[in-house]
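Structure first, then comments.
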Amino acid sequence: MRVDFDYTRSLGPVLSVFMTGLRDGRILAARTSAGLVVPPPEFDPVTLQPPTQFEPVADTGVVETWTWVPDPVADQPFERPFAFALIRLDGVESTLLHAVDVPAADDMRTGMRVRARWREHRVGAITDIACFVPEESPASTPDTSPSVPTAGAGEPVTGIVTPVRLRYTYAASPEESAFFRGLADGRILGQRCPACGKVYVPPRGACPVDGLPTTDEVELSDEGTVTTFCIVNVPFLGQRITPPYVSAYVLLDGADIAFLHLLLDVDPAEVRMGMRVRAVWRPREEWTTSLENISHFAPTGAPDADYDTYKGHL
Amino acid sequence: MTGRPAAVVGIGQTHHRAKRPDVSMAGLCREAIDRALADAGVEMGQIDAVVVGKAPDLFEGVMMPELYLAQALGAVGKPLLRVHTAGSVGGTTAIVAASLVRAGVHRRVLAVAFEKQSESNAMWALSVPVPFVMPVHAGAGGYFAPHVRSYIRRSGAPPETGAIVAAKDRTNALLNPYAHLRHDNVTVESVMASQMLWDPIRYDETCPSSDGACALVITDEDHVGVENPAWIHATAMRSEPTTAAGRDQVNPAAGQAAAAALWREAGISSPIDEIDCAEIYVPFSWFEPMWLENLGFAAPGTGWHLTVAGETSLTGRIPVNMSGGVLSSNPIGASGMLRFAEAALQVRGAAGQHQIAGARRALGHAYGGGSQFFAMWVVGSAPPAT
């Protein structure tokens, strides 16, 4: 399962100064009650007011402490092993977290002198400093002192984009597994609560009302009643079904709770509460362990169910 | 009323907007906080504890904002608590702050709630596909629209009921300088003519996406320091499962239970007669009549009578959403607290052009998740009866 989004951050006046400085190849520290601090805090931890004075500081400093990263993961500064370090820039009272590029952990030590290696193309982000390197190491770029800014020179940097990339492995519960495996065989399996007798589909392992395990398996019809529904006309980021479509709560015959599915083969304007519907299964060779084995629900053509039969499920 | 008497003595909010590119989340919170502190006439150093609320993390992509907000919130060296109950969080945050004072733990507590919707996309965040199930989810509107349809079927309310609410709330917003949407000439007809987004919910019956924050200073009776505190008469919170067989999604049991507890604590037997105005969490217009019933202002199936008769307008029997409500400003994490704040502004006589004359007791209400978290309070111009 993937969850990806590029969040667009507004920096506010203080961090805007810092990021604009980075783009212009300068590290700007804030003058705070604790002296010069990098990155500038948006609010001084003692006075609780925003800092107003900023001063350029050296891009050289000392490693205060560090950790070795033997197996970098995606989006880290390097694909090869490197160190993360807290670096106290010369004249600054705080430490800055950044990467140090050295061949091996043996090349790192607390107290070592380092200097920034700037990127040639800078945009106003902490990554405008590619990394820090041992101060005595030869320059790998033509000029270690930053050249002219390369993006949006003159304009302040007011925002940054922070991508979030999440990868989940979905672990189905035993009850869900039985349900999804049933779907792979073209069966819809629910479970009954031993106390209230309600049949849950998909099964959850426990009745949310009684808190008891629902161990009694019930095979359900693939016909049911539309209790209520929504016609989705609005497009949005990440949408997988092209609007307009009908998202319907379907109460399968024999079940005590409705679930959401897609309703097709009918003009949305003709869809009614109480409409009788049947599952339309995808071709058997396409079946997996998913509710998407049911392509959609479609009207059976039978008379609508009485309101009284489903009014307790709204 | 249990515990020590407590009151709201400072109220601050931002001018809610679609985008506030000029401030960070920290700066946005601070705007509301500075206004609340100034209103209360206190300095940051006089605050004993800070309680912060925001909407679900995926909405802004910041997992634990309280970690970096400590200085901005003035919480250095003080207790800082984060509260989370989805859309009701702003209300819950105010109740947690009030509870710390009522319990005698702290004398003066700052509550703050915020949302910077422009940094993300709430519709996307609410519709992340779950493996193995049908990807038919379509944001909050898609979630609530079927339940609105059920309400219409159950109550027999006329189709323009939702449009009446929307036209009223958007018109009220014109009186509120902090409101996000400020549209002239919104009428029942213009709302009815707007695009159907999640049938039966129309575009103009839907809340906007806002950047904004709200802050409250809550004190015990010995540290009020202002002439017109809003005394907290009662608070209530209840929760229930999102889905359960036979769960009533139109008139949720948790909301009914919270309201019953609230009226009992406030000593109120007939809410419509004893509450002067109500600020209710209505993100989609039809929720006004639904919550009027859930809260006990009207019998089940009859809430829409009040709406259609104009009784929820500023001059009606029970004015609802004097500020313009969630329909006019929706920084989600702050939206619940804004409802609580508006109730307090009313009983302080400080609601400006949207003031209900002589308001003595007001309701602030919030709900969240799939109508499964409820938070509400009653505030009054006089101290609670002991």
Side-chain angles (χ1 to χ4, degrees), chain A residues 1 3 5 7-13 15 41-46 48 50 158-159 162 164 170 172 176 180 196 198-200 202 208-209 227-234 236-241 243 245 247-249 256-257 260-262 268 273 289-292 294 307 311-314, chain B residues 19-28 30 44-45 58 60-62 70-72 74 76 116 118-121 123-125 127-139 141-147 149-150 153-154 195-201 241 243-250:
Chain A
M1 185 180 169
V3 177
F5 195 81
Y7 291 91
T8 52
R9 305 276 175 233
S10 305
L11 293 170
L15 291 177
E42 289 189 78
F43 294 89
D44 186 305
V46 176
L48 304 177
T158 58
T162 55
V164 169
Y170 186 88
E176 282 180 309
F180 294 128
C196 65
K198 303 286 190 193
V199 173
Y200 278 84
V209 175
T227 58
T228 185
F229 63 96
C230 159
I231 306 168
V232 178
N233 292 317
V234 56
F236 60 89
L237 179 71
Q239 194 171 35
R240 286 174 53 196
I241 303 170
Y245 60 88
S247 169
Y249 278 101
D256 289 295
I257 190 160
L260 276 176
H261 215 288
L262 183 65
M273 293 171 69
T289 52
S290 170
L291 254 183
E292 293 189 66
I294 298 173
Y307 180 56
K311 69 177 184 186
H313 297 280
L314 297 176
Chain B
K19 289 185 183 197
R20 284 291 308 274
D22 57 317
V23 290
S24 63
M25 290 181 205
L28 192 71
R30 190 56 175 270
M44 200 80 100
L58 214 51
E60 286 157 331
V62 180
Q71 294 112 296
V76 178
K116 211 151 181 299
S118 67
E119 302 205 352
S120 173
N121 181 322
M123 184 90 184
W124 165 82
S127 312
V128 172
V130 176
F132 310 126
V133 305
M134 279 304 288
V136 291
H137 296 280
Y143 182 85
F144 292 118
H147 307 311
R149 184 182 304 282
S150 299
R153 171 69 179 80
R154 195 187 281 187
Q195 191 196 351
M196 193 64 93
L197 292 188
W198 303 272
D199 194 334
I201 298 175
T243 61
R247 177 187 175 226
D248 193 334
Q249 301 248 47
V250 174

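Just so it is clear: chains get the letters A, B, ... in the order the sequence lines come, proteins before strands, and each one is counted from 1.
Residue with the most contacts toward chain B among A:Val164, A:Thr162, A:Leu262, A:Val199: A:Leu262 (heavy-atom pairs, distance under 4.5 Å). Among B:Pro200, B:Pro241, B:Ala72, the residue with the largest count of heavy-atom pairs under 4.5 Å with chain A is B:Ala72. With respect to chain B, the highest number of heavy-atom pairs below 4.5 Å among A:Glu292, A:Lys311, A:His313 belongs to A:Glu292. Annotation: maximal heavy-atom pairing with chain A below 4.5 Å, among B:Ser120, B:Ala145, B:Gly27, occurs at B:Ser120.
Using a 4.5 Å cut-off on side-chain heavy atoms (C-beta onward), B:Arg20 and A:Ser10 make no contact. Residues B:Pro21 and A:Thr158 fail the side-chain proximity criterion, which asks for heavy atoms closer than 4.5 Å. Put simply, the side chain of A:Arg9 reaches to within 4.5 Å of the side chain of B:Met25, judged on heavy atoms. At a threshold of 4.5 Å between non-hydrogen side-chain atoms, the residues B:Leu197 and A:Asn233 do not count as touching.
Between the side chain of A:Tyr7 and the backbone N or O of B:Val62 there is no donor-acceptor pair closer than 3.5 Å. For the pair A:Thr8 (side chain) and B:Ser118 (backbone), a donor-acceptor distance under 3.5 Å is present. Judged by distance alone, with hydrogens and angles left aside, the side-chain atoms of A:Tyr249 form no donor-acceptor pair with the main-chain N or O of B:Pro146 at under 3.5 Å.
Taking CD of B:Gln71 as the start and CG of A:Asp44 as the end, the distance is 8.0 Å to the nearest 0.5 Å.
Applying the side-chain hydrogen bond (donor to acceptor under 3.5 Å, both in side chains) criterion to B:Arg153, with sequence neighbours excluded, gives no partner residue. Residues satisfying the side chain to side chain contact (heavy atoms under 4.5 Å, CB included) test with B:Ser24, not counting sequence neighbours, are A:Glu42, B:Ala26.
Summarising the geometry of A:Asp256 relative to B:Ala245, their closest heavy-atom pair is O-CB, 3.3 Å, with the distance given to 0.1 Å. What you find for B:Ala138 and A:Tyr245 is that their closest heavy atoms are CB-OH, 4.0 Å. Residues A:His261 and B:Met134 come closest through the heavy atom pair NE2-CG, 2.8 Å.
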Checklist entry - Would B:Gln249 and A:Thr228 count as a side-chain contact (heavy atoms from CB on, under 4.5 Å) if you check the C-alpha gap in whole Å, the side-chain angles of each, and the deciding distance to 0.1 Å? => result CA-CA 11 Å; B:Gln249 301 248 47; A:Thr228 185; over 6 Å; no

Next on the checklist: Please evaluate residues A:Phe236 and B:His137 with respect to the criterion ring-ring contact (aromatic ring centres under 6.0 Å, His included), reporting the C-alpha separation (whole Å), side-chain torsions for both, the decisive distance (0.1 Å), and the verdict.
Outcome noted: CA-CA 11 Å; A:Phe236 60 89; B:His137 296 280; over 10 Å; no

Checklist entry - Taking it one step at a time, do A:Val234 and B:Trp198 satisfy side-chain contact (heavy atoms from CB on, under 4.5 Å)? => result CA-CA 7 Å; A:Val234 56; B:Trp198 303 272; 3.3 Å; yes

Checklist entry - When you look at A:Phe5 and B:Trp124, which way does the ring-ring contact (aromatic ring centres under 6.0 Å, His included) test go after all the steps? => result CA-CA 9 Å; A:Phe5 195 81; B:Trp124 165 82; 4.6 Å; yes

Item to check | side-chain contact (heavy atoms from CB on, under 4.5 Å) between A:Leu48 and B:Arg30, intermediate numbers included | outcome: CA-CA 10 Å; A:Leu48 304 177; B:Arg30 190 56 175 270; 4.2 Å; yes

Next on the checklist: Is there a side-chain contact (heavy atoms from CB on, under 4.5 Å) between B:Arg149 and A:Met273? Walk through the geometry before answering.
Outcome noted: CA-CA 9 Å; B:Arg149 184 182 304 282; A:Met273 293 171 69; 3.7 Å; yes

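Of the atoms belonging to A:Val232, heavy atoms from both backbone and side chain fall under 4.5 Å from chain B. Contact of A:Pro50 with chain B is not made at all, since no heavy-atom distance falls under 4.5 Å. Residue contact with chain B, scored on non-hydrogen atoms closer than 4.5 Å, involves the backbone and the side chain of A:Phe229 alike. When heavy atoms are compared at a cutoff of 4.5 Å, B:Met44 approaches chain A solely by way of its side chain, counted from C-beta outward. Of the atoms belonging to B:Leu58, heavy atoms from both backbone and side chain fall under 4.5 Å from chain A. Contacts between A:Leu314 and chain B at a heavy-atom distance below 4.5 Å involve backbone atoms as well as side-chain atoms. Neither the backbone nor the side chain of A:Leu15 comes within contact range of chain B; no heavy atoms are under 4.5 Å apart. Contact annotation for B:Lys19: neither backbone nor side-chain heavy atoms come within less than 4.5 Å of a heavy atom of chain A. Of the atoms belonging to B:Asn121, heavy atoms from both backbone and side chain fall under 4.5 Å from chain A. For chain A, the nearby part of B:Arg247 is the backbone; its heavy atoms alone come within less than 4.5 Å.
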